[in-house]
Amino acid sequence: MKIKSIETFTTRNISIVRVRTDDGHEGYGQMATYHANISAMVLHQQIAPYALGADAERIENLVERCVEGEHKFPGSYVCRAVGGLDTALWDLQGKRAGRSVCELFGGKPRPVDVYGSSMRRDISPEDEAERLKRLQQDYGFRAFKIRIGNNFGRDVDVYPGRTEQVVPAVRRAIGDHTALYVDANSGFSPRRAIEVGRMLEQYGVVHYEEPCPYPELEWTKQVTDALDVAVTGGEQDTDMAHWKRMISMHAVDIVQPDICYTGGFSRAMEVARLAQYAGMTCTPHAANHSMVTIFTLHMVAAIPNAGTFMEYSIESDSWTNSLFTTKTEVRDGKVNVPDGPGWGVTINPEWLEKADYQISQK
C-alpha cells in the first residue's frame, strides 16, 4: 500500500490533509492551527518527497525519516507538516481496518472527562469566575483551567495583582470539589513562579502549567522541586531528545505533548510511553476545536497514564464552527470519543470546497 497523493485544503488558520494510496484508500488529518498556509507549503515542498511512494503502513518509520531527513530545519514547521501526514495516515489505517484509531492502540471509544479550558486574560476575575460557574451548572464540568501571569511576561502580570485576584475568585465560584488548573504560559522567573505556586497550593490548585519560559528546563525543575502542586509542561516541544531529557531529569511532574505541534499521533504516543516508563502522567495539550481535540480524545482513550481530565476549550472559535459535519458536545463533564473508523469524524465538504487546494502526487 503505497502513498499515491497528498492533498491540502488550507485557510490561514487550518490545513486539512488528505492522503490517498495506490489501492484506493484515503485518510484525513490536520496540521497545527495558525499560519497553516505556511505549514502546507512545508508539507508539499519538504515532506512530500519522502512520503510519495512510501509504505503507508509503516507510519512511525516514515515520520522519523521525514524529521531526520529535514534535520537542517528542526522544530515547529517541519513537525507541523509531518503531523498532518501522520494523522491522515492513522485515519486511513483505521478506516482500512474498520476500527477507530484508539482501538488500533488498544483503547476503546468511551466518554472522556474534560476540563473546561479558558484561553482568556482579557477578562476580569469576577467575570471569569461567573462564566465558569455558569458553565459548571450548564455542562457539568468538574475541572477548569484559568490563565495566570502573562504570556512570556517576565514576572509582569496583565495588570498588577491579577493572578492573586483571579485564583481565589474562581475557587469561590466553582467550589472546593471542582479541580482547578492554572496556566502561566512561560510567565515567571523561578523565584516568582515558586512564590505564586505557594499561593496556588493554598487554594487547592492541582495543575501548574508552564510556570517558567518553556526552553528553560532547569528553571522549571527548580519550581517542580520546590512545590507540592504538580508542575506541567511540554506543549511547545518538538524534539524527541529534548523530551527524553525533560522526562529523565523530571523537569515537570506531568508531560503535555500537543499532537499537532510535536509531529503527529505517533510521536505524541512515544512521549506518553516515555512518561509511562518514568512513572509520569501525560495530559496532552488541545487548545481549540479543530481536529486536535479529536486526535487527543483518541489518545487519552488509548494510553494508560492519561490525566484525570482532558483539555477542552470553552472558547467559541468561529473558524472551526463549520469544519465538521457533527460537533463534539460536553455532557455531564464528558465528551465521547468518536466511535467510527479512523478518527470517526467527517470534514464538511463545503469547508473543503472553499479552502485553498494543493496536491503532490506520485
Side-chain angles (χ1 to χ4, degrees), residues 1 3 17 19 21 25-30 54-65 67 79 82-115 232 234-235 237 240 243-244 246-248 253-286 291-312 328 333-346:
M1 188 170 65
I3 297 174
V17 179
V19 172
T21 55
H25 290 91
E26 68 177 28
Y28 286 85
Q30 181 196 292
D55 187 343
E57 295 184 273
R58 302 189 66 192
I59 302 173
E60 294 96 334
N61 288 344
L62 175 58
V63 164
E64 290 312 309
R65 185 152 59 88
V67 173
C79 287
V82 169
L85 172 68
D86 170 277
T87 52
L89 286 172
W90 282 116
D91 186 53
L92 186 152
Q93 196 88 309
K95 289 173 177 175
R96 186 167 179 260
R99 305 170 71 193
S100 69
V101 173
C102 69
E103 288 177 310
L104 297 178
F105 286 83
K108 185 177 180 181
R110 61 175 174 81
V112 171
D113 289 294
V114 296
Y115 69 80
T232 77
E235 71 178 72
D237 294 298
M240 293 308 298
W243 276 112
K244 291 173 183 176
M246 182 194 306
I247 291 168
S248 66
D253 297 301
I254 296 171
V255 297
Q256 294 184 277
D258 183 298
I259 292 167
C260 290
Y261 293 168
T262 203
F265 200 79
S266 304
R267 300 184 104 221
M269 289 292 285
E270 176 62 17
V271 172
R273 283 190 288 269
L274 291 169
Q276 181 188 356
Y277 298 149
M280 297 169 68
T281 298
C282 179
T283 301
H285 176 256
M291 288 190 80
V292 68
T293 290
I294 305 301
F295 303 154
T296 307
L297 284 165
H298 283 271
M299 181 173 174
V300 300
I303 61 175
N305 56 330
T308 305
F309 298 95
M310 182 193 118
E311 183 169 25
Y312 190 86
T328 56
K334 301 175 186 287
V335 175
N336 285 321
V337 179
D339 61 1
W343 298 120
V345 295
T346 301

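Computation of the quantities below employed the complete heavy-atom set of this structure, encompassing side-chain atoms and omitting hydrogens, waters and symmetry-equivalent molecules. Since the structure is predicted, the reported quantities are computational estimates derived from the model, not experimental observations.
Put simply, CG on Leu297 and CZ on Arg110 are 9.5 Å apart, with the number rounded to the nearest 0.5 Å. Atom-to-atom distance recorded for Phe295:CZ and Cys260:SG is 5.0 Å, nearest 0.5 angstrom. A distance of 6.5 Å separates CG in Leu274 from NZ in Lys244, rounded to the nearest 0.5 Å. Here the CG atom belonging to Asp253 is positioned 11.0 Å from the OG1 atom belonging to Thr283, to the nearest 0.5 angstrom. Rounding to the nearest 0.5 Å places CD1 of Ile3 at 10.5 Å from CD of Glu57.
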Can Ile294 and Thr328 be said to form a side chain to side chain contact (heavy atoms under 4.5 Å, CB included), step by step? CA-CA 8 Å; Ile294 305 301; Thr328 56; 3.7 Å; yes

Run Val67 and Met240 through side chain to side chain contact (heavy atoms under 4.5 Å, CB included) and show every step you take. CA-CA 10 Å; Val67 173; Met240 293 308 298; over 6 Å; no

Would Lys95 and Glu26 count as a salt bridge (charged side-chain N to carboxylate O under 4.0 Å, His left out) here? Give the steps. CA-CA 8 Å; Lys95 289 173 177 175; Glu26 68 177 28; 5.5 Å; no

List the steps and the verdict of salt bridge (charged side-chain N to carboxylate O under 4.0 Å, His left out) for Arg267 and Glu64. CA-CA 9 Å; Arg267 300 184 104 221; Glu64 290 312 309; 2.8 Å; yes

Check the pair His25 / Gln93 against side chain to side chain contact (heavy atoms under 4.5 Å, CB included), numbers first and verdict last. CA-CA 9 Å; His25 290 91; Gln93 196 88 309; over 6 Å; no

With side chain to side chain contact (heavy atoms under 4.5 Å, CB included) as the criterion, how do Thr296 and Ile259 come out once you've worked through the C-alpha distance, each side chain's angles and the decisive distance to 0.1 Å? CA-CA 7 Å; Thr296 307; Ile259 292 167; 3.7 Å; yes

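Residues Val19 and Leu92 approach most closely at O-CD1, 3.6 Å, considering heavy atoms. Residue Thr21 comes nearest to Ala56 through the heavy atom pair CG2-CB, 3.7 Å, listed as atom of the first residue, atom of the second, then distance. Counting all heavy atoms, side chain and backbone alike, Pro338 lies closest to Gly344 at CB-O, 3.5 Å. In terms of heavy-atom proximity, Asp86 sits nearest to Phe265 at OD1-N, 2.6 Å. Pairing each heavy atom of Ala306 with each of Thr281, the nearest pair is C-CG2, 4.0 Å. When all heavy atoms of Ala302 and Met269 are compared, the closest pair comes out as CB-CE, 4.4 Å.
For Asn305 (side chain) and Ala272 (main-chain N/O), a donor-acceptor pair under 3.5 Å exists by modelled atom type. The backbone N or O of Gln30 sits less than 3.5 Å from a side-chain atom of Thr87, completing a donor-acceptor pair. A donor-acceptor pair under 3.5 Å is absent between the side-chain atoms of Glu235 and the main chain of Gln256, judged by distance alone. Under a 3.5 Å cut-off, the side chain of Asp113 and the backbone N or O of Lys334 do not form any donor-acceptor pair. The main-chain N or O of Asp258 is never found under 3.5 Å from a side-chain atom of Thr262 such that the two would form a donor-acceptor pair. A side-chain donor-acceptor contact under 3.5 Å links His298 to the backbone of Cys102. Proximity of a side-chain donor or acceptor of Asp91 to a complementary backbone N or O of Trp343 within less than 3.5 Å is detected.
For the pair Glu60/Glu270, no side-chain contact is recorded, criterion being any heavy-atom separation below 4.5 Å from C-beta on. Val112 has its side chain out of reach of Asn336: every pair of non-hydrogen atoms, C-beta onward, lies at least 4.5 Å apart. Between Met280 and Ile247 there is a side-chain heavy-atom pair separated by less than 4.5 Å. Within the 4.5 Å cutoff, the side chain of Tyr115 has heavy atoms near those of the Glu311 side chain. Two residues are said to be in side-chain contact when any heavy atoms from C-beta on lie closer than 4.5 Å; Asp237 and Met246 meet this criterion. The shortest side-chain heavy-atom distance between Val300 and Pro284 falls under the 4.5 Å cut-off.
Other residues, nucleotides and ligands contribute more than 12 heavy atoms inside 6.0 Å of the CZ atom of Arg273.
A donor-acceptor contact closer than 3.5 angstrom is absent between the side chains of Ser100 and Asp339.
The distance between the ring centers of Tyr28 and Trp90 does not fall below 6.0 angstrom.
With Ile59 as reference, Val63 is the one residue of Leu62, Asp55, Asn61, Val63 to meet the side-chain contact (heavy atoms from CB on, under 4.5 Å) rule.
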